[in-house]
Amino acid sequence: MQISEIPLPEHLKQQYLAKGMQVLYPPQAECVERGMFEGRNLLVAIPTASGKTLIAEMAMHSHIARKGKCLYIVPLKALASEKYEEFSNKGVRVGIATGDFDRRDDMLGNNDIIVATSEKVDSLLRNNARWIAEITLLVIDEVHLIDSSHRGPVVEMVIAKMRYRNPAMQVIGLSATIGNPKVLAGWLDAELVTSTWRPVDLRQGVFCNDRIHFREGERRVKVVSKNFDDINLCLDTIAEGGQCLVFVSSRRNAEAFAKRAAGAIKSEDPGLKEPAKELERTAETEMGKTLAACVARGAAFHHAGLSRPERAVVEEGFRKGLIKCISSTPTLAAGLNLPARRVIIRDYLRFAAGEGMQPIPASEYHQMAGRAGRPRLDPYGEAVLIAKDEGQVEELFEYYIDAPAEEVHSKIAEPNALYTHVLSLIASGFAGTRNELLSFMDRSFYVHEHRQGRLMQRAVDTALKFLVDNDMILEVGEHLGSSEFGTLVSRLYIDPRSAAMIVSTLHKESDYSDLGLLHLICSTPDMPRLYVRNTDRAALDRMMDEHDGEIWLEMPGEEEEQEEYYRALKTAMLLSDWADEMPDARICERYSVGPGDVYGMVESVNWLLHASGELSRMFALTFHPRIREYETCMKNGIRRELLPLVKLRGIGRVRARRLFNNGITSPEAVLGAGIETVTKLIGRGIAEQVFAQLEKRVRATPLPEGEDNMAGQSTLSRFR
DNA sequence: AACCAACACCATAAGCCCCACGGGC
DNA sequence: CTTATGGTGTTGGTT
């Protein structure tokens, strides 16, 4: 099918033609034939990199041309940015809504296309964003993630809620190949488009005894390193002018492989100087230095412990072809699009707590294998598994390469999945009685799959009972309504179980303590926790002695629960160190984590601190000011004494500390010290900017102390 | 004497992602 | 309820 004959706005066609695209890929053409432009719902279940995004883009432009509005849901923030870039500059207004972008939702509604994560959409639905009602096309990218027990229920509920609100809306689901696409399509009332077609040929094989076994034949790999097959495979690709991506099971393995690869590649490309220097310059940790040393010689590793800038440098270096090899944990399998000539799946076993080493599911293998081959750049892509012995070759072929695609199933009836969704359905007015609740749930994929929902009914009732017992939902006869507490919890987007824990503890305690609060938050189901090693125990016990009385939660009697208690404590310690101005590098060393982990922890705890602050406003007003203060401390990584200084824009933890240590402890003192002194401490540019702020403030508000008593007032108005 | 390669042994540690929000001009 | 890795130490051989 020619692009020129498709009913699309002329300007878009021109852009496509200018990029050399003239003909649609077969699955794309099928979507058109199946009525995509006539508003038919679609489920497109085809391999990675076979043109799914373009399908969605064409449908969206067709809607916009008819004054429609489109919502494009993705599972990852990184993916949201990628799609945002891709859709921008094509003559339509594009907005992005993820946790770390754009909070002004009213502005968001002015766009033609809104790219958002599923959780963000769920949150917007709970907060009644006006523009939701205007959506005429809903695209769900990676819709097979409905099968994930952690995040699948969110996707499922968001789809159900959106279709309930906008019955006339067109729905397009984009999915990897799955085993039961008909069932999913049935749920979506969608035309099903499946295909095995790929724009770049993908060869899949198993490496053993210096040969890659393909179904079509064999390929000998030159032996360079005597001990390391993975290195030989890697060098083999590079010798042919390709790049490779190596998937391993742990961060440690990723780093170890990159070190070896760097030693074997020893690239002397002058282009590597700049990224390596950049990494070297910003490296504060051992890990960062290792990364810089690897990159200097053309190899890199990639995992969630890297900081954002480190990731960006690695990704860019690889895209430019300078870095020849990246060893990675699964971060790169699902995340952004970083294809390579050859993908090596070295570790297909992964540790699972309580179950030992488990083979990764075939779907994950396919996800990784799908990264092989860059469209238009590589003649073909290769995915290679590494076998331990000859006997395993056939096994790996069967288990992974020839495996049928896995089925997806609703995870909505699993324990704990429904607390938050039952609350939100009632709080946002989707249901007002138990019957309405159940009949709403009839729209779920779960009920479509199972034709009845006994298990799910039980889950709903368990959740409902919990919510009623904890006063988040009020029962008046038949009628169910959310209390002010329940509404707040739903809007804050935290797990009702977290909220209940926080509120009951705040109620009990008479004295406020930062550490008590921190440990409490770290014990909630919403907070990720660090692992505790045997060697950590002693330090944690000592810490508990030192801070006797400050920690609110009691040590549980059960052995297994103690483990979690210690994990929460260790996590709280890390965060407490951060807020106590311990430098990043020392934190990383002390807790053996990467800067990316610290960032992630701080981000999570900030969200929960914020939520705790809001909850305390309702239930423990005396704690409220202290919690709010601590929230700011945590956000900036500062002690309380720096609070007045970080109110100034351009002043963060480092500059505030420098000013403070030189006797300048408040904005007034900054003004008093004079611009010359301040310039010496924090540089001219920043000093000027700060003084401009201060002068403006002096003229505007004669009373800079007015904030503290405001807290009480805003509380009163809230309880009107 | 200094250095290196090869090997045995053992302690160690083991993926990732998403969510909220203000106040001053 | 497992397994691979890298550090450590040892040996034996080479320069």
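Numbers restart at 1 for each chain; the letters A, B, ... are given by sequence-line order, proteins then strands.
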| task | For A/Arg649, report the nucleic acid contact type (base, sugar-phosphate, nothing); a contact means any heavy atom under 4.0 Å. | result | nothing

| task | Rounded to the nearest angstrom, tell me the gap between atom CE in A/Met601 and atom P in B/dC18. | result | 15 Å

| field | Salt-bridge contact A/Asp230-A/Arg260 (side-chain N to carboxylate O under 4.0 Å) | value | yes

| field | Centroid-centroid distance, A/Phe485 to A/Phe619, less than 6.0 Å | value | yes

| said: Tell me the interatomic distance from A/Leu145, atom CG, to B/dC18, atom P, rounded to whole angstroms. | reply: 12 Å

| Toward the 5' end of DNA chain B, which comes first, A/Leu492 or A/His302, by nearest nucleotide? | A/His302

| request: Quickly work out the A/Arg529 CZ to B/dC16 P distance and round it to whole Å. | output: 17 Å

| Restricting to pairs with a member in residues 149-160 of chain A, which pass salt bridge (Lys or Arg N to Asp or Glu O under 4.0 Å), not counting sequence neighbours? | A/Glu119-A/Arg151

| said: If the cut-off is 4.0 Å, is A/Ser123 near the phosphate of B/dA20, judged by side-chain N/O to OP1 or OP2? | reply: yes

| field | Whole-Å gap separating P (B/dG24) and CD (A/Gln693) | value | 13 Å

| query | Charged N to carboxylate O below 4.0 Å: is that the case for A/Lys411 and A/Asp147? | reply | yes

| C/dT3 phosphate, OP1 or OP2, under 4.0 Å from A/Lys388 side-chain N/O | no

| query | Residues in side chain to side chain donor-acceptor pair (under 3.5 Å) with A/Ser482, at least two apart? | reply | A/Thr487

| query | Contact class for A/Ser148 (heavy atom, under 4.0 Å): base, sugar-phosphate, or nothing? | reply | nothing

| query | A/Asn253 near the nucleic acid: base, sugar-phosphate alone, or nothing, with a heavy-atom cut-off under 4.0 Å? | reply | sugar-phosphate

For residues 525-532 of chain A, run the donor-acceptor check on the side chains, cut-off 3.5 Å, and write out each pair with its distance to 0.1 Å, sequence neighbours left out.
| unit_1 | atom_1 | unit_2 | atom_2 | d |
| --- | --- | --- | --- | --- |
| A/Asp526 | OD2 | A/Asp495 | N | 2.8 |
| A/Asp526 | OD2 | A/Ser498 | OG | 2.8 |
| A/Arg529 | NE | A/Glu564 | OE1 | 2.9 |
| A/Arg529 | NH1 | A/Cys522 | O | 2.6 |
| A/Arg529 | NH1 | A/Thr524 | O | 3.1 |
| A/Arg529 | NH2 | A/Glu564 | OE1 | 3.3 |

| request: May I ask you to decide if the ring planes of A/Tyr365 and A/Tyr400 are parallel, tilted or perpendicular, using 30° and 60° as cut-offs? | output: tilted

| message | Using a 4.0 Å heavy-atom cut-off, does A/Arg126 contact any base of the nucleic acid, only the sugar-phosphate backbone, or nothing at all? | response | nothing

| said: How many whole angstroms separate atom CG of A/Leu76 from atom C1' of B/dC17? | reply: 6 Å

| request: Applying side-chain contact (heavy atoms from CB on, under 4.5 Å), run through A/Phe301 and A/Phe257 and close with a yes or a no. | output: CA-CA 8 Å; A/Phe301 54 87; A/Phe257 182 87; over 6 Å; no

| said: Rounding to an integer number of Å, can you tell me how far A/Ile494 CD1 sits from B/dC18 C1'? | reply: 15 Å

| field | Nearest-neighbour nucleotide for the A/Arg151 side chain, C/dG7, B/dA20, B/dC18 considered | value | B/dC18

| field | Between A/Tyr493 and A/Asp122: side-chain donor-acceptor atoms closer than 3.5 Å | value | yes

| field | A/Arg628 or A/Ala116, whichever maps to the more 5' nucleotide of DNA chain B | value | A/Ala116

| said: Output the pairing pattern of DNA chain B as a dot-bracket string, 5' first, Watson-Crick or G-U wobble with both distances under 3.5 Å, | for cross-strand pairs, [ ] for crossing pairs. | reply: ||||||||||||||...........

| field | Pairs involving residues 244-259 of chain A, ordered by first then second residue, that meet salt bridge (Lys or Arg N to Asp or Glu O under 4.0 Å) (sequence neighbours left out) | value | A/Arg251-A/Asp597

| query | How long is the line joining CD of A/Glu119 and P of B/dA20, in whole Å? | reply | 9 Å

Output a table of nitrogen or oxygen pairs between the protein and nucleotides 7-15 of chain B separated by less than 3.5 Å.
| unit_1 | atom_1 | unit_2 | atom_2 | d |
| --- | --- | --- | --- | --- |
| B/dA13 | OP1 | A/Arg533 | NH1 | 3.1 |

| query | Taking atom P of B/dG22 as reference, at what distance in whole Å does atom NE2 of A/His610 sit? | reply | 7 Å

